[in-house]
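Numbering starts at 1 and runs along the sequence shown.
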Amino acid sequence: MGEKKSKSEGTTAPARKKKKKAVAESNEIITLTNVSKAYSTGAPALKEVNLHINRGEFVFIVGDSGSGKSTLIKLLLRELTISDGYINVMGYDLSKIKHRKIPKFRRNIGIVFQDFRLLKDRNVYENVAFAQRIIHKSNKEIKKNVPSILAIVGLAGKYKAKPKQLSGGEQQRVALARALINQPTILLADEPTGNLDPKNSWEIMKLLEQINENGTTVLVVTHNREIVNAMQKRVVTLKKGVIVSDEEKGGYIDED
């Protein structure tokens, strides 16, 4: 599969158009071909990574600290640019995307972080509504959409609460609601259960699974072995910037 993709790459405009068409036909929503990323120190963060993710997949990205997981997420968000190779997300060639188009590209990606990143001076409703205001939704739309998404994540009765009045699990649900309200095509969850107890961790993962079943492509970066092993989703394992395992129904493996 990887070799076929490489042949479709090229430096001419027609070759790039063929590549985008191939991605669409194969239902791929994320394509990395021979992607490398080196930082200014010269240290490689990713080395010749090939990764193909289809629309609607649920994928765990695992690996020890320094394996390249965070770099991968930043590349997918176009917070970083690749040093070499080819990367396409939702039809956007991220090595060639114009700076002015990046905000529009990111509107189709939801992101959930380990530390929630909520606005502490605003209540639950306003934290979620903020994501809609950024894309200039009308007040009428916001008043309809926010209560709807809060109900989905089980926080319909907490809309007036400030973040400090919520448990860790509830704060992560707010962050999830904010990530989902603009109906993203892809949801990236970076250690979403890192600050949660086991009960809340499983509740968040069930929500992510439900979101995936409704059609959203979900990528979860995690160190939680129990969850990865129990859920039996596709598991991509990184070690020192290289994919060492990619299993359809995998588990958390130790790479010595």
Kindly indicate whether the side chain of [X], heavy atoms from C-beta on, has any atom under 4.5 Å from the side chain of [Y].
{"X": "Ile227", "Y": "Tyr252", "value": "no"}
{"X": "Asn139", "Y": "Arg133", "value": "yes"}
{"X": "Val221", "Y": "Ile73", "value": "yes"}
{"X": "Pro147", "Y": "Tyr125", "value": "yes"}

Could you check whether any side-chain N or O of [X] sits under 3.5 Å from a backbone N or O of [Y], counting only pairs where one atom can act as donor and the other as acceptor?
{"X": "Asn88", "Y": "Leu94", "answer": "no"}
{"X": "Arg78", "Y": "Pro103", "answer": "no"}
{"X": "Lys162", "Y": "Val124", "answer": "no"}
{"X": "Ser201", "Y": "Asp197", "answer": "yes"}
{"X": "Glu126", "Y": "Asn123", "answer": "no"}
{"X": "Thr217", "Y": "Gly56", "answer": "yes"}

Q. How far does CD1 of Ile134 sit from CG of Asn182, to the nearest 0.5 angstrom?
A.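 Separation between the atoms: 8.0 Å.
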Q: Quick one: pull up OG1 in Thr71 and CG in Leu76 and give me the separation to the nearest 0.5 Å.
A: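 Here the rounded value is 11.0 Å.
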Nearest heavy-atom neighbours spanning [X] and [Y]:
{"X": "Leu208", "Y": "Leu187", "result": "CD2-CD2, 3.4 Å"}
{"X": "Ser67", "Y": "Asp64", "result": "OG-O, 2.7 Å"}
{"X": "Asn50", "Y": "Ile243", "result": "O-CD1, 3.6 Å"}
{"X": "Ala129", "Y": "Ile142", "result": "CB-CG2, 3.7 Å"}
{"X": "His223", "Y": "Lys69", "result": "NE2-NZ, 3.7 Å"}
{"X": "Gln232", "Y": "Asn229", "result": "NE2-O, 3.1 Å"}

**Q.** Derivation and outcome, side chain to side chain contact (heavy atoms under 4.5 Å, CB included), residues Thr193 and Trp202
**A.** CA-CA 8 Å; Thr193 64; Trp202 276 111; over 6 Å; no
Partner set under salt bridge (Lys or Arg N to Asp or Glu O under 4.0 Å) for [X], not counting sequence neighbours:
{"X": "Glu79", "answer": "none"}
{"X": "Arg234", "answer": "Glu57, Asp246"}
{"X": "Asp115", "answer": "Arg117"}

(Q) Set out, in order, the CA-CA distance, both residues' side-chain angles and the distance that settles side chain to side chain contact (heavy atoms under 4.5 Å, CB included) for Leu51 and Ile53, then state yes or no. (A) CA-CA 7 Å; Leu51 180 63; Ile53 295 175; 3.9 Å; yes
With no hydrogens and no angle check, just 3.5 Å: does a side-chain donor-acceptor pair link [X] and [Y]?
{"X": "Asn224", "Y": "Thr222", "result": "no"}
{"X": "Asp190", "Y": "Gln114", "result": "no"}
{"X": "Asn200", "Y": "Gln172", "result": "no"}

Q.
Check Glu203 with Arg173, please: is the shortest side-chain N to carboxylate O separation under 4.0 Å?
A.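 So Arg173 pairs with Glu203 through a salt bridge.
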(Q) With side chain to side chain contact (heavy atoms under 4.5 Å, CB included) as the criterion, how do Ile30 and Ile186 come out once you've worked through the C-alpha distance, each side chain's angles and the decisive distance to 0.1 Å? (A) CA-CA 9 Å; Ile30 295 172; Ile186 298 171; 4.0 Å; yes
Q.
Tell me every residue that passes side-chain hydrogen bond (donor to acceptor under 3.5 Å, both in side chains) with Lys140, counting only those two or more places apart in sequence or in another chain.
A.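 Scan of Lys140 (side-chain hydrogen bond (donor to acceptor under 3.5 Å, both in side chains), adjacent residues dropped) gives none.
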Q: Could you please spell out the steps behind the side chain to side chain contact (heavy atoms under 4.5 Å, CB included) verdict for Val220 and Val59?
A: CA-CA 6 Å; Val220 180; Val59 183; over 6 Å; no
Q.
Taking ring pair (Phe, Tyr, Trp, His ring centres under 6.0 Å) as the cut-off, I'd like each qualifying pair that reaches into residues 99-122, sequence neighbours left out, listed once.
A.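 Pairs touching residues 99-122 that pass the test: Tyr92-Phe105.
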Q: Taking the six-membered ring of Phe60 (Phe, Tyr or Trp), confirm whether the NZ or CZ of Lys233 is under 6.0 Å from its centre and within 45° of its axis.
A: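 Judged by the rule (NZ or CZ under 6.0 Å from the ring centre, within 45° of its axis), Lys233 is not positioned above Phe60.
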Q. Can you name the residues that form a side chain to side chain contact (heavy atoms under 4.5 Å, CB included) with Pro184, not counting sequence neighbours?
A.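 Residues passing side chain to side chain contact (heavy atoms under 4.5 Å, CB included) with Pro184: Leu180.
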